[in-house]
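Note sheet for the following structure.
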Amino acid sequence: MRTCVKKLQTQTGQQKTELASWRTWLQTRHTLIWFPKYEKIYQAMDAAIAILEFKQQYTGGFRQSAPVLFKAYASDLHLFDRAYRHFIVASDDAQGDILKGLIEDVENLYTQWFLDGLGEAWSDAVSNHWELEGIASQSKFFGRHVFPILERSDREKVFVIISDALRYEVASELQEVIYKEMRGETELEAQFGVLPSVTRLGMAALLPGSKLELIPGDDDVRIDGLSTKGTVARQKVLTENSRVDSTVLNAKDLLAMSTEEGRLIVQPYRLIYIYHNVIDAIGDQASSERQVLSACGTAINELLRLVKKICNSINGTNVIITADHGFLYQRCSIQEADKRPLPSGEAILESKRRYLLARERVNDSTLLHFSLPYTENGIVAIVPRGSLRFAVQGAGAQFVHGGASLQEVCVPVITYHHQRAIKGDDGPARKVGVQVSARVRRVTNNRFSLTLVQTEAVEGKWRSRQITVALYDPQTNIPITDVRVTNLSSTSIYPSDREISLRLTVTTTNPPTNVYLIVKDADDESELLKEPWAVSLGIANDFGDF
């Protein structure tokens, strides 16, 4: 294993390398008996390979116009951030130091080649007026996405979920999961976020109204003269400016409600804003920012549960998921060379790690200056180029937002329209099934082979499934063998290509003679298959059935 990791590590410094064979090699690992022990290492290697594949697609760099570069990030480049997130999460969970060298190389590749390269290209391309031709602004969110639904019928409800710091790449993965898990139509769109990319301004921009007003040094943002600070204020803005009955809910509160409670609480309203905070809550604390990429996975799971509850339990049809802003994150510590001195003086009205609000420009070529449509008296936003930070005292510099990077201001909007079941409909996306291929359901050796068949090919709405396989004592429901984990992910139309061979080892000294072979879904541990098997070891044969 260590040799394979080192061999992959050598690929990170090469311009061109053959990666298809690595994909094949990783796929064959899933059927091996030691796969569970090294699973996280394999996942990290898989993410590292994805990073190398993306790099090969952009050997010429990222130099394009600002609108083109924004669209490129929304369509493809965000996947580099996703692969990095998957790599960090998997390597954090891996045991030992096998990945140490690969982690260092991937970190350098991500920060120095991707973040710095993309950040410099974007900084050079974006204009000093905070607008982007041909790209929808976050401040137009309500008019573009919510109001048309309210207008077309006086009966339709709209559920708007705002997840704090739901970065575009995380939302992209969430949209894929919703498509696979739910019955309905889903789309993902990128909108140009507000600047500074902070919660108080981003949350206000998502409310209905015509005039957004940011006042430096004030932790409130006004829309049409109304405060947007806190639940009560936002509900007032929603009701007055949308002109429909509206309410504001906390995501955790709604998830904790029974079906009846959920239906009762939304019944009087046509517009329901639901606030969700997992990613920002973890990332904004210096003590927990290291776990922020793992928190992204938690957020995806919670948001999927929320959509299912809205559509399946309280009869919602129209769900929109968006965010106030994204974020920048890198695992390695921020070096002093990556920090800019924090300007001071009477002209500076507000200062944070990633932005300043000031009365006038600062004479520094490493800073970008923007005029904003929601400030007055010539106030400008000043941000460091690329992913640089201002040198602000205190811990917590790896997770940041407020600046103008694509990771911070490419804000997602997921629209989902739920479809009810109708006669003849094949239903929502489903996971593939599994069967056992065996002439005799009997174990005669401590180590034995077992063949499974994936019943459907992964295509269309048939999606892959991770399963666990073991023999269980029928009295105690405890495994008498090791528990093997494998993936059902074949896309072949031929059943013979979808066969998976596993080797199990009996771990109990005196196993019962009658047991169950149980195959479970690894996600929720639901039983997919349960068959009676016989165990007749006689004299234990440690060499297995060779």
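Predicted model, so just to flag it, every value in this text is computed and none were measured.
- Proximity of a side-chain donor or acceptor of Arg270 to a complementary backbone N or O of Val158 within less than 3.5 Å is not detected.
- Put simply, the side chain of Thr481 gets close to the backbone of Leu471: a donor and an acceptor are under 3.5 Å apart.
- Residues Lys180 and Val177 have side chains not in contact (no heavy-atom distance under 4.5 Å, counting atoms from C-beta outward).
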Run the numbers on His145 and Gln191 for side chain to side chain donor-acceptor pair (under 3.5 Å), then give the verdict. CA-CA 11 Å; His145 295 283; Gln191 57 186 3; 4.7 Å; no

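- Proximity of Phe114 to Asp81: side-chain heavy atoms (C-beta onward) are separated by under 4.5 Å at one or more points.
- For Phe327 and His325, the distance between ring centers is not under 6.0 angstrom.
- Summarising the local packing, CZ of Phe147 is surrounded by 12 or fewer heavy atoms from other residues, nucleotides or ligands at distances under 6.0 Å.
- A donor-acceptor contact closer than 3.5 angstrom is absent between the side chains of Gln291 and Ser288.
- Side-chain N or O atoms of Ser313 include none that pairs as donor or acceptor with a backbone N or O of Ile310 at under 3.5 Å.
- Proximity of a side-chain donor or acceptor of Asp220 to a complementary backbone N or O of Thr228 within less than 3.5 Å is detected.
- With no hydrogens or angles considered, a side-chain donor-acceptor pair links Thr199 and Asp324 at under 3.5 Å.
- A donor-acceptor pair under 3.5 Å is absent between the side-chain atoms of Glu408 and the main chain of Ser197, judged by distance alone.
- Aromatic pair Phe192/Trp130: ring centres closer than 6.0 Å.
- Heavy-atom contacts from other residues, nucleotides or ligands closer than 6.0 Å to CD of Glu527 number more than 12.
- To the nearest 0.5 angstrom, Ser490 atom OG is 10.5 Å from Glu459 atom CD.
- The environment of NZ in Lys309 is crowded: more than 12 heavy-atom neighbours from other residues, nucleotides or ligands sit within 6.0 Å.
- Relative ring orientation between Tyr273 and Tyr275 is described as tilted, the plane-to-plane angle lying within the 30° to 60° band.
- A side-chain donor-acceptor contact under 3.5 Å links Asp224 to the backbone of Ser210.
- Of the possible donor and acceptor atoms, none in the side chain of Thr317 sits under 3.5 Å from a partner among the backbone N and O of His418.
- The minimum heavy-atom distance linking Leu195 with Gly402 is given by the pair CD1-O, 3.7 Å.
- Contact between Glu289 and Gly283 at its shortest, heavy atoms only, is CB-O, 3.4 Å.
- Without hydrogens or angle criteria, His78 side chain to Tyr73 main chain gives a donor-acceptor distance under 3.5 Å.
- No side-chain heavy atom of Glu131 sits under 4.5 Å from any side-chain heavy atom of Pro373.
- When all heavy atoms of Ala83 and Ala47 are compared, the pair lying nearest together is O-CB, 3.5 Å.
- Taking the side chain as every heavy atom from C-beta outward, Arg152 and Ile149 approach each other to under 4.5 Å.
- A donor-acceptor pair under 3.5 Å links the side-chain atoms of Arg465 to the main chain of Val432, judged by distance alone.
- In terms of modelled atom types and a separation under 3.5 Å, the side chain of Tyr110 and the main chain of Gln330 share no donor-acceptor contact.
- Contact annotation: the side chain of Leu174 never approaches that of Leu188 to less than 4.5 Å [non-hydrogen atoms, C-beta and beyond].
- Asp219 has no carboxylate O lying under 4.0 Å from a charged side-chain N of Arg200, or vice versa, which leaves the two without a salt bridge.
- In terms of heavy atoms, Pro196 sits closest to Leu201 at O-CD2, 3.6 Å.
- Judged by the 6.0 Å and 45° rule, Arg167 forms no cation-pi pair with Tyr329.
- Taking the charged nitrogens against the carboxylate oxygens, Glu456 and Arg498 have no contact shorter than 4.0 Å, which rules out a salt bridge.
- For the atom pair Arg305 CZ and Lys308 NZ, the distance stands at 10.0 Å (nearest 0.5 Å).
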